[in-house]
Amino acid sequence: MNTFYNCQLAISPINWANDDMADLGDHYSFQQIVDEMNELGFRGTELGRKYPRDILTLQKELGQRNLALTSGWCDILFSDPDHLDESLQKFKAHVLFLKRMGSTFVVTADGGGSVHWDPREDRSNKGIKKYTGREWASLCTGLNIAGEFCRQHRMTLVYHIHTGTGVETLDEIHTLCAGTDPEVVSLLLDTGHLYYCGVDPVEVIQKYGERVKYVHLKDVREDVLKNVKDNGINFNDSVRMGIFTVPGDGTINFEAIFKTLAEVDYQGWFVIEAEQDSLQANPIEYAQKSINYIESITNLKL
């Protein structure tokens, strides 16, 4: 059994209400989401779109349910050198918000050229516009500055390799890691996104284990993935089709992933983050399914 004595299981509110597609899970209130997390036994949650942004209110609500805020997503556009300073200011404000909430990790990913997250234009019907050399240089410069800002505030920047963005393939992961300072830019290992992009999570851990500081646990339904790849379906539509599920309900070999993380002495949060339509996949039922599975192959307990 794989042992993680200084690690904890957390869960993301995206299992209830999707951050990118407002119709998915919109019937859930913030209070219902965090009540159900608490009832399941979780002690950590990420930030979600239903969560209040007033710090005192959020502190009170989470505190009443014994929930820590593990992190929160921050969109960046560091790859655009013309907007780097503006994007850095937005990022720094987010860092200070998370710090006041007691978080020590900052989840981020660049939206430049992405299918759904480039604010400069709609690329949903054009595919991903990959970075030029100038854009790569700007992205890495921005991440190094942002990472140093995090370190000054005793926080850790974790970069989320994400489907439908400019950093999704193994070669792009190599480029990102080569261009950034490992002392200030760490990685978020998302098992589902890596598998979706044809990247073996075990290979990433073996190569960059010392930089993996945060983990998202999600599984992939192989039949949906094949349909998505065969028909060129974009990321958001693939989520609607049910490409993701909780660990143990799909095709990913989590025993190998946990084994490799244990070998590199991973110490940090494990966040269950299966983006699904909550009308089709009841969050409580699927969360419990994932808890049972993870506890069966590791020493992780709620």
Side-chain angles (χ1 to χ4, degrees), residues 1-4 7 9 12 71 105 107-110 114-115 128 130-131 136 139-140 143 147 156-226 228-230 235 238-239 243-275 290 293-294 297-300:
M1 179 175 288
N2 300 306
T3 55
F4 299 96
C7 299
L9 272 177
S12 170
S71 187
F105 296 95
V107 175
T108 194
D110 190 84
S114 74
V115 174
I128 307 161
K130 293 299 185 177
Y131 301 132
W136 267 116
L139 172 61
C140 292
L143 286 172
T156 300
L157 183 157
V158 286
Y159 193 91
H160 191 325
I161 295 95
H162 199 292
T163 311
T165 72
V167 186
E168 58 176 1
T169 69
L170 189 58
D171 284 345
E172 289 159 355
I173 296 169
H174 293 331
T175 302
L176 179 85
C177 288
T180 54
D181 181 354
E183 295 297 316
V184 297
V185 179
S186 298
L187 297 178
L188 184 158
L189 185 93
D190 187 302
T191 57
H193 279 278
L194 291 173
Y195 190 89
Y196 188 132
C197 296
V199 179
D200 182 359
V202 168
E203 185 175 354
V204 175
I205 300 164
Q206 290 171 336
K207 175 77 173 173
Y208 299 112
E210 291 185 357
R211 293 181 80 159
V212 174
K213 302 296 184 184
Y214 200 90
V215 174
H216 278 173
L217 298 172
K218 60 165 66 79
D219 214 333
V220 172
R221 294 185 172 96
E222 190 70 43
D223 57 334
V224 181
L225 179 63
K226 184 178 186 305
V228 166
K229 296 297 185 181
D230 289 348
F235 175 74
S238 75
V239 171
I243 194 165
F244 292 132
T245 184
V246 296
D249 191 48
T251 193
I252 294 177
N253 182 354
F254 280 93
E255 291 194 50
I257 291 170
F258 282 119
K259 178 177 182 292
T260 312
L261 284 168
E263 289 171 351
V264 300
D265 194 29
Y266 174 76
Q267 305 292 327
W269 288 100
F270 286 101
V271 183
I272 298 168
E273 196 217 35
E275 301 172 49
S290 66
Y293 173 71
I294 293 165
I297 61 173
T298 73
N299 72 321
L300 288 165

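Predicted model, so just to flag it, every value in this text is computed and none were measured.
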Main-chain N/O of [Y] paired to [X] side chain as donor or acceptor, under 3.5 Å:
| X | Y | result |
| --- | --- | --- |
| Arg221 | Ile243 | no |
| Asp219 | Gly248 | yes |
| Ser71 | Phe105 | yes |

- Derivation of the side chain to side chain contact (heavy atoms under 4.5 Å, CB included) call for Val167 and Leu139: CA-CA 11 Å; Val167 186; Leu139 172 61; 4.3 Å; yes
Shortest non-hydrogen contact between [X] and [Y], atoms and distance:
| X | Y | result |
| --- | --- | --- |
| Val184 | Leu157 | O-CB, 3.8 Å |
| Thr165 | Ser114 | CA-CB, 3.9 Å |
| Glu273 | Asp190 | OE1-OD2, 3.3 Å |
| Leu189 | Pro201 | CD1-O, 4.1 Å |
| Arg211 | Val185 | NH2-O, 2.9 Å |
| Ala274 | Lys218 | CA-CB, 4.2 Å |

Close side-chain approach of [X] to [Y], heavy-atom, < 4.5 Å:
| X | Y | value |
| --- | --- | --- |
| Val199 | Ile161 | no |
| Val224 | Val228 | yes |
| Phe258 | Ile297 | yes |
| Leu143 | Asp110 | no |
| Leu9 | Leu217 | yes |
| Ser186 | Tyr214 | no |
| Trp136 | Lys130 | no |
| Thr180 | Tyr159 | no |

- Item | Audit row: Val264, Val212, side chain to side chain contact (heavy atoms under 4.5 Å, CB included) steps and yes/no | CA-CA 9 Å; Val264 300; Val212 174; over 6 Å; no
I need the [X] [atom1] to [Y] [atom2] distance, nearest 0.5 Å.
| X | Y | atom1 | atom2 | result |
| --- | --- | --- | --- | --- |
| Thr163 | Phe244 | OG1 | CZ | 5.0 Å |
| Leu261 | Gln206 | CG | CD | 10.5 Å |
| Leu225 | Thr251 | CG | OG1 | 9.0 Å |
| Leu194 | Glu168 | CG | CD | 10.5 Å |
| Thr156 | Leu188 | OG1 | CG | 12.0 Å |
| Glu210 | Tyr266 | CD | OH | 14.5 Å |

- Query: His216 and His193: aromatic ring centres closer than 6.0 Å?
  - Reply: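 So the answer is no for these two rings.
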- Query: Counting heavy atoms not belonging to Glu222, are there more than 12 under 6.0 Å from its CD?
  - Reply: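 Atom CD in Glu222 is packed in, count exceeds 12.
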- Query: Is it the case that more than 12 heavy atoms not belonging to Lys207 sit under 6.0 Å from its NZ atom?
  - Reply: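 Not buried by this count: 12 neighbours or fewer within 6.0 Å.
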- Flag the pair Glu263 and Lys259 as a salt bridge only when some basic side-chain nitrogen lies within less than 4.0 angstrom of an acidic carboxylate oxygen.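 A salt bridge is present here (some side-chain N lies under 4.0 Å from a carboxylate O).
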- Should the ring pair Phe254 and Tyr293 be called parallel, tilted or perpendicular, given that the plane angle runs from 0 to 90° and is split at 30 and 60?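 If you compare the ring of Phe254 with that of Tyr293, the planes turn out perpendicular.
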- Item | Tyr196-Ser238 side chain donor-acceptor pair, cut-off 3.5 Å |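 The criterion, which ignores hydrogens and geometry beyond distance, is satisfied for Ser238 and Tyr196.
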- Tell me, with the steps shown, if Val271 and Val215 meet side chain to side chain contact (heavy atoms under 4.5 Å, CB included). CA-CA 6 Å; Val271 183; Val215 174; over 6 Å; no
- Quick one: do Phe235 and Glu275 satisfy side chain to side chain contact (heavy atoms under 4.5 Å, CB included)? Show the steps, please. CA-CA 11 Å; Phe235 175 74; Glu275 301 172 49; 3.9 Å; yes
